[in-house]
Amino acid sequence: MRLAGGALLALSLAACGAGPGLDDRRVGMESYTAEQIFGRGEYEMEERNFEDAAEYFAEIERLYPYSEWAQRALIMQAFAQHSARNYDESRAAAQRYIDFYPTTEDAAYAQYLLALSYYDQIDEIGRDQGLTFEALQALRQVIERYPSSEYAKSAILKFDLAFDHLAAKEMEVGRYYLKRDHFSAAINRFRTVVEEFQTTSHTPEALHRLVEAYLSLGLTDEAQTAAAILGHNFRSTEWYEDSYQLLTKRGLEPGARGDGWLASLYRQTIKGDWL
């Protein structure tokens, strides 16, 4: 139990922690120092009473707005609200910290908490991905603004995972259309994965699904070219084997054909400009 102010704080604030709610406890809070209130907030954090902790830290911001303790309390408020899964409140506190103290050591952590407030709410693949886009933008800020911070490496990992999550969403919708023979709509989704999410784990399947969709439409040049790109970059995968079998059953083989978007992509692949 870490209590700033020692025995005096333990005696003076113990009464504040029992009985009435925090709103009632605010009466007379002005009689305590910022350090004492901060210590109470730390105690509530250790007790995992995150919302109460956030309220104590907020009281310091209210009562001592220009003090060093207010600066420390604001970042702790953001952390406590995030721990309580109050993501909107955490994000607001983190943003205030960034606005007020952009050059301090904890600014990187505040930006990271802001990003986490989106990232930790990313829903299952089948739901709206708006929060994923917000998470990507906020994580990019951590990576670009604070590349030397201890949070940059974690932000890069989470960025890659969120990026992969978006690609998974495109794949899910594409498969939905493909199963219902809406081939043009499916192709648009798989093309998005290949062109915009080419570094994700979903690219090999997207290329295979393009082979399937184009063959279903009788567009053999496009199917063969998609298979050629797949073979060049992912020859050892099951997706290439499946595409190869689909083509050979029709007397076709992988190879660049025509002058469409896939042919252009194939030329970039050969030059090493893709993936």
Side-chain angles (χ1 to χ4, degrees), residues 21-23 25-26 29 34 37-169:
L22 188 61
D23 288 340
R25 284 179 249 151
R26 281 176 173 163
M29 189 71 74
I37 301 172
F38 190 92
R40 182 66 190 197
E42 286 187 312
Y43 169 75
E44 296 295 351
M45 286 294 295
E46 291 178 355
E47 294 295 306
R48 304 187 67 80
N49 299 323
F50 300 124
E51 291 188 351
D52 278 0
E55 291 287 352
Y56 279 111
F57 294 130
E59 280 300 287
I60 298 173
E61 189 182 6
R62 181 178 71 88
L63 296 173
Y64 305 95
Y66 304 109
S67 68
E68 178 184 346
W69 287 102
Q71 178 181 332
R72 294 175 61 183
L74 185 53
I75 193 68
M76 288 299 294
Q77 186 184 157
F79 175 56
Q81 293 287 17
H82 187 271
S83 299
R85 298 185 180 181
N86 296 330
Y87 297 116
D88 290 344
E89 291 82 356
S90 175
R91 182 160 56 251
Q95 186 61 62
R96 286 201 306 280
Y97 190 95
I98 295 167
D99 292 341
F100 296 158
Y101 314 107
T103 61
T104 62
E105 183 178 351
D106 283 330
Y109 183 55
Q111 183 64 54
Y112 184 66
L113 276 175
L114 193 154
L116 286 183
S117 72
Y118 291 115
Y119 182 85
D120 288 349
Q121 293 185 85
I122 293 176
D123 289 324
E124 296 297 325
I125 291 172
R127 300 186 182 180
D128 179 73
Q129 299 302 299
L131 285 170
T132 308
F133 282 107
E134 296 286 358
L136 285 168
Q137 292 177 1
L139 288 165
R140 186 187 297 276
Q141 292 296 316
V142 178
I143 298 165
E144 294 181 350
R145 289 185 182 180
Y146 311 100
S148 301
S149 72
E150 60 184 298
Y151 309 106
K153 184 176 181 180
S154 177
I156 291 171
L157 175 61
K158 287 180 169 57
F159 185 95
D160 289 342
L161 291 172
F163 200 62
D164 198 84
H165 192 89
L166 284 180
K169 173 65 175 181

**Q** Rounded to the nearest 0.5 Å, what separation is found between the CG atom of L113 and the NE2 atom of H82?
**A**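 Interatomic distance, L113 CG to H82 NE2, rounded to 0.5 Å: 6.5 Å.
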
**Q** Between the side chains of D99 and R96, is the shortest nitrogen-to-carboxylate-oxygen separation below 4.0 Å, so that they form an ion pair?
**A**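 Judged by the 4.0 Å cut-off on N to carboxylate O distance, R96 and D99 do not form a salt bridge.
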
**Q** Is there a side-chain contact between I122 and E134, using heavy atoms and a 4.5 Å cut-off?
**A**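 With C-beta onward as the side chain, the pair stays apart.
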
**Q** Quick one: are Y56 and E42 in side-chain contact, heavy atoms under 4.5 Å?
**A**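 A side-chain contact is absent here, since even the closest heavy-atom pair is not under 4.5 Å.
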
**Q** Would you compute the distance between atom CG of N86 and atom OG of S117 and round it to the nearest 0.5 angstrom?
**A**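 Rounded to the nearest 0.5 Å, the CG-OG separation comes out at 11.5 Å.
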
**Q** Centroid separation under 6.0 Å, is that true for the rings of Y146 and Y151?
**A**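 Ring centres of Y146 and Y151 not closer than 6.0 Å.
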
**Q** Closest heavy-atom contact between A84 and F50?
**A**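 Heavy atoms only, the tightest pair is CB-CB, 3.7 Å.
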
**Q** Any donor-acceptor pair under 3.5 Å linking the side chain of S90 with the backbone of Y87?
**A**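 Checking the backbone N and O of Y87 against the side chain of S90, no donor-acceptor pair under 3.5 Å is found.
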
**Q** For the CD atom of E55 and the CD atom of Q81, what is their distance to the nearest 0.5 Å?
**A**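 E55 CD to Q81 CD: 7.0 Å, rounded to 0.5 Å.
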
**Q** Check step by step if side chain to side chain contact (heavy atoms under 4.5 Å, CB included) holds for I37 and Y64.
**A** CA-CA 11 Å; I37 301 172; Y64 305 95; 4.3 Å; yes

**Q** Going through the distances and angles, do L136 and L166 end up as a side chain to side chain contact (heavy atoms under 4.5 Å, CB included)?
**A** CA-CA 10 Å; L136 285 168; L166 284 180; 3.3 Å; yes

**Q** If you look at every heavy atom in G41 and A53, which pair is closest and at what distance?
**A**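 So the minimum-distance heavy-atom pair works out to O-CB, 3.5 Å.
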
**Q** For the residue pair R140 and F159, would you count it as a cation-pi contact if the rule is NZ or CZ under 6.0 angstrom from the ring centre and within 45 degrees of the ring axis?
**A**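 No, R140 does not lie over the aromatic ring of F159.
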
**Q** Please report the closest heavy-atom contact between A110 and A94, naming both atoms and the distance.
**A**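 Shortest heavy-atom contact: O-CB, 3.4 Å.
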
**Q** Is there a side chain to side chain contact (heavy atoms under 4.5 Å, CB included) between L161 and Y119 once you walk through the steps?
**A** CA-CA 10 Å; L161 291 172; Y119 182 85; 3.4 Å; yes

**Q** Take F38 and W69 through the ring pair (Phe, Tyr, Trp, His ring centres under 6.0 Å) test and state the conclusion after the steps.
**A** CA-CA 8 Å; F38 190 92; W69 287 102; 5.1 Å; yes

**Q** Between A138 and Q111, what is the shortest heavy-atom contact and its length?
**A**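 Between these two residues, the closest heavy atoms are O-NE2, 3.5 Å.
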
**Q** Return the OH to CD distance between Y109 and E150, rounded to the nearest 0.5 Å.
**A**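 Answer for the OH-CD pair, Y109 versus E150, is 9.5 Å.
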
**Q** Please test K158 against L116 for side chain to side chain contact (heavy atoms under 4.5 Å, CB included), starting from the C-alpha separation and ending with a verdict.
**A** CA-CA 9 Å; K158 287 180 169 57; L116 286 183; 3.5 Å; yes

**Q** Rounded to the nearest 0.5 Å, what separation is found between the CD atom of E51 and the CD atom of E89?
**A**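 Separation between the atoms: 8.5 Å.
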
**Q** Just so I know, are the side chains of M45 and F79 near enough to count as touching, which here means a heavy-atom distance under 4.5 Å?
**A**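 They are in contact (side-chain heavy atoms under 4.5 Å apart), so the answer is yes.
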
**Q** Between V142 and A155, which heavy-atom pair has the shortest distance, and what is it?
**A**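 That closest heavy-atom pairing would be CG1-CB, 3.8 Å.
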
**Q** Could you tell me if T104 and Y97 have a donor-acceptor pair between their side chains, going purely by distance under 3.5 Å?
**A**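 Yes, side-chain donor-acceptor contact under 3.5 Å.
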
**Q** Rounded to the nearest 0.5 Å, what separation is found between the CZ atom of R40 and the CZ atom of F57?
**A**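 So the gap between those two atoms works out to 11.5 Å.
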
